[in-house]
2 protein chains.
Amino acid sequence: MTAPSRREQNRMDRTRRILDGALRVFAQAGYSGTTMDAVAAAAGLSKPTLYQYFPSKEDLFQAMMLGLRDKMMAVFDHPSPKGMVHDLHAFAWDYADAVMQPEMLSLARLIIGEVQRFPEIGRAYQASGPDRLLAGIMAYLELQRAAGRLAFDDAELAAQDLWGLILSAPRTQALYQPDTVPNRHDLARYVTNGLRVFLRAYSTSPEDDLLQLEALASARTTGDEE
Amino acid sequence: MTAPSRREQNRMDRTRRILDGALRVFAQAGYSGTTMDAVAAAAGLSKPTLYQYFPSKEDLFQAMMLGLRDKMMAVFDHPSPKGMVHDLHAFAWDYADAVMQPEMLSLARLIIGEVQRFPEIGRAYQASGPDRLLAGIMAYLELQRAAGRLAFDDAELAAQDLWGLILSAPRTQALYQPDTVPNRHDLARYVTNGLRVFLRAYSTSPEDDLLQLEALASARTTGDEE
DNA sequence: CGAATTCTTAACTCTGTAGTTAAGGTTTTC
DNA sequence: GAAAACCTTAACTACAGAGTTAAGAATTCG
């Protein structure tokens, strides 16, 4: 590939700055609470330039939301299996951390609130985030079933159960009450309990797995940073 | 109590009509997508009259949302225990039906989308709906624990698990994709599976309970109205 | 019935904001 | 270094929608 000219470079730079700025403003103020002046200010450029890059507010919004696909996908790449309980624990925390970030929550609120006006966005989000994640979990669970460590009929339901057990309560709370988002300590309660119930219902050797889980959970609460 | 005069009657009538109309319009178009002209039309009266009853759009919105408390509470009154599995099954369906209605989903989207602008609404909703429901489930689960039919440490977590297992997946899907809300048949899959997992993890005699559950589930799918 | 009250109609003000335009400055390219 | 491309500033248009006002019709009450 040939080196990009200065002009092309600038253009890409500004596009990125606009999308970043737009994300911040939209996530904080909602679609109709966001003014194009505010977006221009957040992106550090002028309104006519903004309109040079995106012909309308709606286009900008769509472009921004659809552009998030790539960012979200990164969360769901799964490395290095180290034993089922360990993997599930690690996965649960990775996802919990990602999904419970204030910006992610704002974004989720934004999508949910605007989905009637922009159905495409809801579909894109679902396909890039949850569906993809679910597919990843499903594949992993199938693997563990094949290895005789889990027992279930329907992998999709099992994967959704795992998600629901771990995050449905704190996430629902966070969506409805932005000022009382569960902290790490509360989250640990949900995550550990969710895994516990999942293993009790699905593991072929629940006693062993539960012991491992308690060890991991207590290790995490003692060696806690941030 | 003395009989209301004609004037008072009219006043109450119009207030109700305004709130009903506002609910329909807001739920469908969102807060800022809603115009006061549209509300007046939906309520079947004129704009100046509307402003006589509610001094501003914001006031109307708040009044409408807070007024929903009473309506929502009705769902969560629990009658006639007939055996744990039966009760849980009945409860799960009552709640699923209520919560998955299109209007309820629109409302949830509205609240979530506007909660940053109206934090009070989120708190009121949470307190009147989910929290109240949770308290009801918790009380019921405690009862069954005392009777030796369930085993758990933390009733709140158990209640949230039940909720999450049954409804988190279809509800999340419905929130993000209004045009593909799960139908009764899909819902049955989630509800039955959720109860199954819950019983497997929490029941003291899972085998018996699961048999009962399957009987109830198949009875429901065969004798299905609507 | 007659007076008080409350409604409707229809037009109006005011504000906020999407999107545009023109004049002049800055950066990039050759 | 000069021309092309692109940017900023600042003011502008157009419009939608919240909230108001005044004239007159309909209702309610005594």
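All values below come from the heavy atoms of this structure, side chains included, with hydrogens, waters and symmetry mates left out.
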Should B/Y53 be listed as having a side-chain N or O under 4.0 Å from OP1 or OP2 of C/dC7?
yes
With heavy atoms under 4.0 Å as the rule, sort B/F54 into base, sugar-phosphate or nothing.
nothing
Students often get this wrong, so: under 4.0 angstrom with heavy atoms, is A/R7 touching a base, only sugar-phosphate, or nothing?
base
Identify whether any heavy atom of A/T35 sits under 4.0 Å from a base atom; if not, whether one sits that close to sugar-phosphate; answer base, sugar-phosphate or nothing.
sugar-phosphate
Heavy-atom nearest nucleotide on DNA chain C taken for B/S46 and for A/N10; more 5' hit belongs to B/S46
Can you check the A/Q52 CD to C/dT20 P distance for me, whole Å?
11 Å
Lys/Arg N to Asp/Glu carboxylate O, B/R16 vs B/D13, below 4.0 Å:
yes
Which nucleotide in the set D/dT28, C/dA18, C/dT8 lies at the smallest distance from any side-chain heavy atom of B/P48?
C/dT8
Atom CG of A/D37 and atom C1' of D/dA11 are separated, to the nearest Å, by 13 Å
Once you round it to whole Å, what is the distance between C1' of D/dT20 and CE of B/M36?
13 Å
Between C1' on D/dC6 and CZ on A/R11, what's the gap in Å once rounded to a whole number?
10 Å
Distance check needed: D/dC6 P versus A/L50 CG, whole Å only.
16 Å
Any base atoms under 4.0 Å from A/T34, or only sugar-phosphate, or nothing? Heavy atoms, all strands.
sugar-phosphate
Please work out if B/P55 contacts a base, only the sugar-phosphate, or nothing of the nucleic acid, heavy-atom cut-off 4.0 Å.
nothing
Salt bridge or not between A/E8 and A/R11? Use side-chain N to carboxylate O under 4.0 Å.
no
Distance test, side-chain N/O of A/T49 to OP1/OP2 of D/dT8, below 4.0 Å:
yes
Write down the distance between CG (B/L45) and P (D/dA25), rounded to a whole number of angstrom.
21 Å
Euclidean distance, A/D154 CG relative to B/R196 CZ, rounded to 0.5 Å:
9.0 Å
Give a yes-or-no answer on whether the side chains of B/Q28 and B/S106 include a donor-acceptor pair shorter than 3.5 Å.
no
Rounded to whole Å, the OH-P distance (B/Y51 to D/dT20) equals 7 Å
Indicate, yes or no, whether a donor-acceptor pair under 3.5 Å links the base of D/dG19 to the side chain of B/K47.
yes
Exercise: do A/S168 and B/Q160 side chains pair donor with acceptor under 3.5 Å
no
Starting from P on D/dA26, measure out to CZ on B/R6 and report it in whole angstrom.
16 Å
Which part of the nucleic acid, if any, lies within reach of A/R14 when heavy atoms closer than 4.0 Å are counted: base, sugar-phosphate only, or nothing?
sugar-phosphate
